[in-house]
2 protein chains.
Amino acid sequence: MTARPSLRERRKRRTREALIDSALDLFGRRGFDHVTLDELCEAAEVSKRTFFRTFTSKEHAAMATYQDMWAAALEALEAAPPGRRPLVDLMRDSLLAGLDKMDSDGWAERLRRTVHLSVATPAIEAHCLYFCHRTTEAALSIMRDRHELAAPKDFRVLLAMDIVVAAHQRSIARWAARTGEADRALLAADTLAAFGAIPDSLTVTGGAPAQEH
Amino acid sequence: MTARPSLRERRKRRTREALIDSALDLFGRRGFDHVTLDELCEAAEVSKRTFFRTFTSKEHAAMATYQDMWAAALEALEAAPPGRRPLVDLMRDSLLAGLDKMDSDGWAERLRRTVHLSVATPAIEAHCLYFCHRTTEAALSIMRDRHELAAPKDFRVLLAMDIVVAAHQRSIARWAARTGEADRALLAADTLAAFGAIPDSLTVTGGAPAQEH
DNA sequence: TCGCCAACTGCCACTCAGTGGCACTATGAC
DNA sequence: GTCATAGTGCCACTGAGTGGCAGTTGGCGA
């Protein structure tokens, strides 16, 4: 039985959400570098001091939705039954399971805005890339502890994680570039398409590939 | 016949090198975050204004050696004969050719220091990750222009580039973690080993892999 | 219900990476 | 030698980020 969050807890969440919403709104309209933290905090009605108690940096406010999604994948990985499957498959399924959990109102739209911001703002993109890199490390740690991963430093294992992250990143970028309403199911489909393209990526040449992916 | 660089050109290079050397020295001894730019510029005997005419950011001073190496790979890619080879192979060979060009005194030691700094400093690592990401885009552009790449947005092509970058990054990290003298040939060997591990990375499972890589 | 304590907030002063302007200096071309 | 341009250093400034501290709020036990 989950206890109802305390007033304090609820207040903290509301503050976090207000900052995220204000960030996506203001950064999206005027550009990340043209909105100061004072302006953002004014819009969210909190002090800058509280901002920095909530987020590590200005970029983190912009990328919270993205981080939440990867965190959900790690949780799904942690909950997955132990077994001897290819790591790429295990991670693909964890990513999809995590995506399934992203069901709060307007989540897909917030992710799309985040990705648009990332594409337009090197500092955010760099932070997202670093975050994903750290996510591979967290995933390896979970696998070692719960999935009997024996050689977490082996090139094959490390590259499997990097390939997983690359596939998901590329699918997110493509999905966010689509027109029309942000649709989470379409992101799952793009993710599957990217994972499906992995084997051929090792042999693809410069000429027109056999079928557009 | 290459003309001798002008006084101006030589002065600029000396300034750049002084800043890089001072950065690696001071950052390596005290930590990136504990050395101010005033201190760095004092050590290199230039003004902060000149620092920012030379580098985009504090991080860029720390990662110049790393960037030079990737830039050499892009040059090798640009000079490679057109042909229909797997992109992964083409990029591997360009990386190795670029490595071959990194023959200035002490280069390997500077790269190792750079990587150690990167491992210890999230901001530098994030910048390096972003730089590599932009390098995939530059490589795709070169391939479209000179290697008849027909579908630069195909998932297979994008993932091929990401896999290449991941393999090289992982080999660099392993190489830099080695003890003993920094040896460029060993880095080339580690790069080949990482590329050799790519096919098995798609199927590797959590159990002990067949042979440690 | 009350009181205590810990969590949380906002205010403020500050540091330092990064920016732009401008006067001065050095170099290179003619 | 002259002149124009490239390059430099100085300076004031902004804004992200930090730490300290007093005041406020919420939770819990008596």
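What you see below is based on every heavy atom in this structure, not just the backbone, and it leaves out hydrogens, waters and symmetry mates. Note that the structure is predicted; figures quoted are calculated from it, not measured. Chain letters run A, B, ... following the sequence lines, proteins first, then strands; residues in each count from 1.
Of the candidates C:dC8, D:dG17, D:dG9, D:dG9 carries the atom nearest the B:R49 side chain, counting heavy atoms from C-beta on. Closest approach to the A:R8 side chain among D:dG7, D:dA16, C:dA6 is made by C:dA6 (side chain taken as heavy atoms from C-beta onward).
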Quick one, B:T36 with B:E39, criterion side-chain hydrogen bond (donor to acceptor under 3.5 Å, both in side chains). Give me CA distance, side-chain angles, the key distance, then yes/no. CA-CA 5 Å; B:T36 65; B:E39 288 167 320; 3.2 Å; yes
Please evaluate residues A:F27 and A:H34 with respect to the criterion side-chain contact (heavy atoms from CB on, under 4.5 Å), reporting the C-alpha separation (whole Å), side-chain torsions for both, the decisive distance (0.1 Å), and the verdict. CA-CA 8 Å; A:F27 297 162; A:H34 293 282; over 6 Å; no
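Distance A:D38 CG to D:dA16 C1': 10 Å, rounded to the nearest Å. Between the P atom of D:dG26 and the CZ atom of A:R10 lies a distance of 10 Å, rounded to the nearest Å. Look at CZ on A:F52: it is 13 Å from C1' on C:dT15, rounded to the nearest Å.
Checked by distance alone, B:R53 brings a side-chain donor or acceptor within 3.5 Å of a matching partner on the base of D:dG9. Checked by distance alone, B:R11 brings no side-chain donor or acceptor within 3.5 Å of a matching partner on the base of C:dA26.
Regarding contacts with the backbone of D:dG27, a side-chain N or O of A:S6 is found under 4.0 angstrom from either OP1 or OP2. Residue B:K48 places none of its side-chain N or O atoms closer than 4.0 Å to OP1 or OP2 of C:dA17. Regarding contacts with the backbone of D:dT8, every side-chain N or O of B:S47 stays at 4.0 angstrom or more from both OP1 and OP2.
Remark: the A:R110 side chain and the A:S104 side chain contain an N/O donor-acceptor pair separated by less than 3.5 Å.
With the nearest nucleotide of DNA chain D identified for both B:V46 and A:E59, B:V46 has the one nearer the 5' end.
Counting only heavy atoms from C-beta outward, the side chains of B:L111 and B:L187 approach each other to under 4.5 Å.
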